[in-house]
Amino acid sequence: MYGWTGKTLFIDLSRGKLVVGESSRENLKLYLGGRGIGSRILYESTSPDVDPYSPDNCLIFSVGPLVGTRFPGSGRYSVTAKSPLTGILGDANSGGYFGPELKYAGFDAVVIRGRAEKPVYIMIVDGEAEIRDASDLWGLDTWETEDRIRESTSPGVKVACIGPAGENLVRYAGIVNEKYRLAARTGVGAVMGSKRLKAVAVSGEGMVEAADIGRFEEVCDKASELIMEAPGYEYFSKYGTPSIVDRALLAGRISTRNRQTSIFPEGELLSAEELDSKYKVKDRACFACLIHCSNYARVMSGSKCVGGEGPEYETLVCLGSNCWNSDLASIIEMNELCNRLGLDTISTGGTIAWAMECYEKGIITREDTGGLDILWGDSEVMIELIKMIARREGFGDILAEGCARAARKFGEEASRYAMHVKGMELPAVEVRGAKGFGLGLAVASRGADHLRALVNFELIGYPPELGEKLYGSPDSVDPLSIRGKAPMVKYHEDLGAVLDSAIACKYTFFTFYTLSAELLAEALSHLTGVDFTVEKMMRVGERIVNLERHYNNLHGITRKDDQLPRRLLEEPLPEGRLKGQTVELEPMLDEYYKIRGWTSEGIVPKEKLLELEIKVKGER
Amino acid sequence: MPVYLSISPLECVGCKICMLACTAENLGVYKPTSSAIKVVRLGEGDYVTACRNCAKAPCIDVCPTDALYRENGVVQLSREKCIGCGRCIVACPFGAVAYYNGKAFKCDLCGVCIEKCPVQKLKVTDSWDQRKTKLWNTMIEIAGDIQLGV
């Protein structure tokens, strides 16, 4: 096969069985790979009554046709499982070297079910796999785990593993590869922990073949050129996502104090320049990526040198301004801590910010916290809390449930301050100043997620004519307008689903907007030999979005769940350029459902599933 | 003096695009393990290795079919003559000789990796140039020390 490997590894940990099977050709064409294939397999194999922590939940590692090639930003993998944080579809995506290695080892996907009796890890070498004992790895952090596995196997082995957070079923634990790269969101690491699976180690010497390598290489060259010549490439490749902090500060749009305001007076201390000049050692890239947006940074903490890749924008805001913390060195330290323990920095920060506000308002007291004063901006307490969360110790045991569940223990008012959608904590973006993102977070299939519809388009300042041409309204280029946002979100979601499945990093497309869907379709066609027209490819994206929605519908998700926290809908921002802004969600939702062809309650009708060739489970 | 590919481990970002470009151009597939240039990540550095075109090249010495030979200072490999015995792979002190489809494969300085390097810092280095730079840097340092009275 071209592009794909055609093989899927099925593992039942309860019985200790491994089977190498064929990947469903039909599914590969309909869902590409990565997130699409993951969602399809999850849909086929988990019914609504399956508990995320039960052995019946599926954990799927998957790559796409582009993975392992030179297409920019294609070095990623996707992990899918029913989420213990949201109870619905969950997936996460990570860069580094692990994804391509899995492809070179000969697999499109690894589907893991069951639960091992004792801790185990899976070793995959060139088309073969075995389950190995991991009793001596259990309890170790992710860095130690990776080092140990490499020592006992081979130095070139790539490892994706969980840390103590995943073992202890912290609901937002992630899966860590190459120490700094996380498939962080929706608690996929906790699902791995519930299966007593410590790590997946891969070594592959295989290759990826293209149907037409010459023309595919030409497309790669063209894509590389378009990215490297884009205005902003130099800036973004030097500073990476921390540069978004600067942009957000300028626009008065930085989430601060659990989103009580969008102005952070000490924001300059978290800026990209600050990170670059004081702590950065070098640029880093994921496999096959020419943007190299990652920053390798380090800092002395006591007598220890801490750091690594990151912190990224999300971490800088979620553990920084949103907790009123302007100590950049402490964020670098917390970033390392979260990487080692295997925690999602977004949800960790969101939960701590919630606790800080509740403490401020007197809802949470010293009695609840076991004597800790959870004050705004106290980075030492934050570090302590992160350790307690991963170990589920004392008050950390409550925070490990995520802010939505934790808030239920403290009553109605506490829930008002829990910033989540469908149970997942909000990412850094202040959506009262970016309303397309607001709609995106509300409807995203994995809870509050900015990456499903990464509508950076509205923030760039494009001319109104372009907005009119693409999304039917000149106002769509204005982040404060709600016009044209529904079609914009739909387009970004559909193309985003293709990118997540192919897999290529969304930053290659949605940062500079110089790559087009045509180019991606061309790349996929030359690579796989399957004729992907733009229409056909975008239908793949739409199919994935609709399948995921259908899966969530089966789990009871409707319009009532496509909401944002009340604060963002009702409390106007108090100061700065965005003073007075809230998100006018309902009209956007109406328009969005309409263009999606869903009912006004947000349910995918049967005809839509038929139209998109989505085979309904149990029907032939 | 020997010429070879080099880049500073702090300037290399570890994207491995050079490895992908190498195999795509020369072998027609994407297969990093067979690449003639290798990037290895160790700690914060990303280290690049390729054939160093040694003056007394062990690979040429051990090749039983004279598939390896020198041309204009660069060690070349004849894929026709190669019988895939792997002796050169074992003999190379840098692990720079790769293997693909039953035959050895090594860097012949075709330059595709340099062309595709996104940080544009990968280059062909001459050991002599390096020596000169190092020599001068040391001298300048010593001269500075003397002026400071150290």
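Here is how names work: the chains are called A, B, and so on, in the same order as the sequence lines, proteins then strands, and each is numbered from 1.
With a threshold of 4.5 angstrom between heavy atoms, A:I213 approaches chain B through side-chain atoms but not through N, CA, C or O. In this structure, chain B has no heavy atom under 4.5 Å from any part of A:Y180. Using a 4.5 Å cut-off between heavy atoms, B:Y100 contacts chain A through its side chain alone, with no backbone atom that close. If you measure heavy-atom distances from B:C18 to chain A, you find no contacts under 4.5 Å at all. Residue contact with chain B, scored on non-hydrogen atoms closer than 4.5 Å, involves the backbone and the side chain of A:T69 alike. Residue contact with chain A, scored on non-hydrogen atoms closer than 4.5 Å, involves the side chain of B:Q120 exclusively.
For A:A285 against B:C15, the heavy-atom pair with the smallest separation is CB-CB, 3.7 Å. For B:P118 against A:L290, the heavy-atom pair with the smallest separation is CB-CB, 3.4 Å. Contact between B:P32 and A:F287 at its shortest, heavy atoms only, is CG-CZ, 4.1 Å. The two residues A:A288 and B:L20 come nearest to each other via the heavy atoms CB-CD1, 3.7 Å. Residues A:Y104 and B:Y30 come closest through the heavy atom pair CE2-O, 3.7 Å.
Taking CE from A:M207 and CG from B:N101, the interatomic distance works out to 7.0 Å, rounded to the nearest 0.5 Å. Atom CZ of B:R41 is separated from atom CD of A:E178 by 7.5 Å, given to the nearest 0.5 angstrom.
Ranked by heavy-atom pairs shorter than 4.5 Å toward chain A, the options B:S34, B:C117, B:A24 are led by B:A24.
No donor-acceptor pair under 3.5 Å is formed between the side chain of A:K282 and the backbone N or O of B:V13.
Salt bridge annotation for A:R298-B:E44: present, with a cationic side-chain nitrogen under 4.0 angstrom from a carboxylate oxygen.
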